[in-house]
Protein chains: 2
Amino acid sequence: MNKYEELSKIFKTLCEPIRLQILDILSCDEMCACKILEGLLISQSTLSHHMKVLINSGLVTSRKDATWIYYSINRENIEKLHVSIEELTSQKDNCICQKTDNNCKKA
Amino acid sequence: MNKYEELSKIFKTLCEPIRLQILDILSCDEMCACKILEGLLISQSTLSHHMKVLINSGLVTSRKDATWIYYSINRENIEKLHVSIEELTSQKDNCICQKTDNNCKKA
DNA sequence: TATAAACATTTACGCTTGTCAATATTTATA
DNA sequence: TATAAATATTGACAAGCGTAAATGTTTATA
């Protein structure tokens, strides 16, 4: 998997409104799935699916306590996302664009 | 459209590896579509489709010159994206999470 | 041990979207 | 005006994914 595919995996996670809402709900503190579900209009199985996607992306972590699972934002990986976006879009040496001869007639 | 749907529109744009590669190609300078295409393994019509998606998201702008169209990154909206991610994931007053009574038994 | 609560998994369905071939449009130039 | 280059659009198809009902698993407790 190249770097674009790696990064796109994070964005695929973020491209569903309901998952953004879940991150918002988790922005202040950890919360168990049953409480997250209370604020949403989706089924329990659908929430479970979305939490799995969030966990797999690395944007959210979980801990188990008895029958509850507490989810929280992985702030380290949120910061890594900021860095990745910056690295992708900012001017840089040895850029991929320099591998193309840019002799297209310019204005 | 609520704020989650608005933001998800940006992430939907970024969730395709080929569009991330296009942003990378544009990271140093503007480039016309025919030159962008040289560095990719997709058809012309597919590139045209992706450029339209990038334009519609606001992440890329374009200017026309004769038969060429030059595309460039809209850095102002990249910065807005950083702010949106920060606003979503950081702790804040009047957070959506406080609207749920968090009386779930904690460890 | 039986029951209930919390969460995960399986299965099926429908919608979205990436892809390309074919064609259309626009502009420069011979 | 005819041709070629650059880009957009249309149409069709396949793959990915969000969704929920039904069911399974784990844990606490009566």
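Chain letters run A, B, ... following the sequence lines, proteins first and then strands; every chain starts at 1.
Computed from coordinates, the A:Ile55 CD1 to C:dT9 C1' distance equals 16 Å when rounded to whole Å. For the pair B:Lys52 NZ and C:dT25 P, the interatomic distance rounds to 15 Å; values are reported in whole Å. If you measure from atom CE of B:Met31 to atom P of D:dT7, you get 12 Å, rounded to the nearest angstrom. For A:Leu47 and C:dC7, the CG to C1' distance is 9 Å, given to the nearest whole Å. Atom CD1 in B:Ile18 sits roughly 19 Å away from atom P in D:dA15 (whole-Å rounding). We find that OH of B:Tyr71 is positioned 14 Å from P of D:dA6, with the value rounded to whole Å. Between the NZ atom of A:Lys12 and the C1' atom of C:dG18 there is a distance of 10 Å, rounded to whole Å. For the pair B:Glu38 CD and D:dT7 P, the computed distance is 11 Å after rounding to whole Å.
Side-chain N/O atoms of A:Gln44 and base N/O atoms of C:dA8 include a donor-acceptor pair closer than 3.5 Å. Checked by distance alone, B:Thr67 brings no side-chain donor or acceptor within 3.5 Å of a matching partner on the base of C:dA28.
Of the possible polar contacts, none joining the A:Asn77 side chain to the A:Lys80 backbone as a donor-acceptor pair under 3.5 Å is found. A donor-acceptor contact shorter than 3.5 Å links the side chain of B:Lys92 to the backbone of B:Ser90. A:Ser8 places a side-chain N or O within 3.5 Å of a backbone atom of A:Glu5 that can act as its donor or acceptor partner.
A salt bridge links B:Glu38 to B:Lys35: one of the charged nitrogens lies within less than 4.0 Å of a carboxylate oxygen.
Of the candidates C:dC20, D:dA21, C:dT27, the closest approach to any side-chain atom of A:Ser45 belongs to D:dA21. Nearest to the side-chain atoms of A:Ser48 among the listed nucleotides C:dA21, C:dC7, C:dG18 stands C:dC7. Of the candidate nucleotides C:dT19, D:dT19, C:dC7, D:dT19 has the atom lying nearest to any side-chain atom of A:Thr46. Checked against D:dC17, D:dG18, D:dA28, the side chain of A:Arg19 finds its nearest nucleotide in D:dG18. Residue A:Ser43 has its side chain nearest to D:dA20 when only C:dT19, D:dT19, D:dA20 are considered. Which of D:dT19, D:dC17, C:dG18 sits closest to the side chain of B:His50 comes down to C:dG18. For A:Lys64, whose side chain is taken as the heavy atoms from C-beta onward, the closest listed nucleotide among D:dA20, D:dT27, D:dA8 is D:dT27. The nucleotide whose nearest atom lies closest to any side-chain atom of A:Cys34 is, among C:dA28, C:dA6, C:dA8, C:dA6.
The residue among A:Glu16 and B:Met51 whose nearest nucleotide of DNA chain D lies closer to the 5′ end is B:Met51.
Counting heavy atoms from C-beta on, the side chains of B:Met51 and B:Leu54 come closer than 4.5 Å. Counting heavy atoms from C-beta on, the side chains of A:Leu88 and A:Tyr4 come closer than 4.5 Å.
Note on A:Ile42: only backbone sugar-phosphate atoms sit closer than 4.0 angstrom, heavy atoms only; bases stay farther off. Within the 4.0 angstrom heavy-atom criterion, base atoms lie near A:His49.
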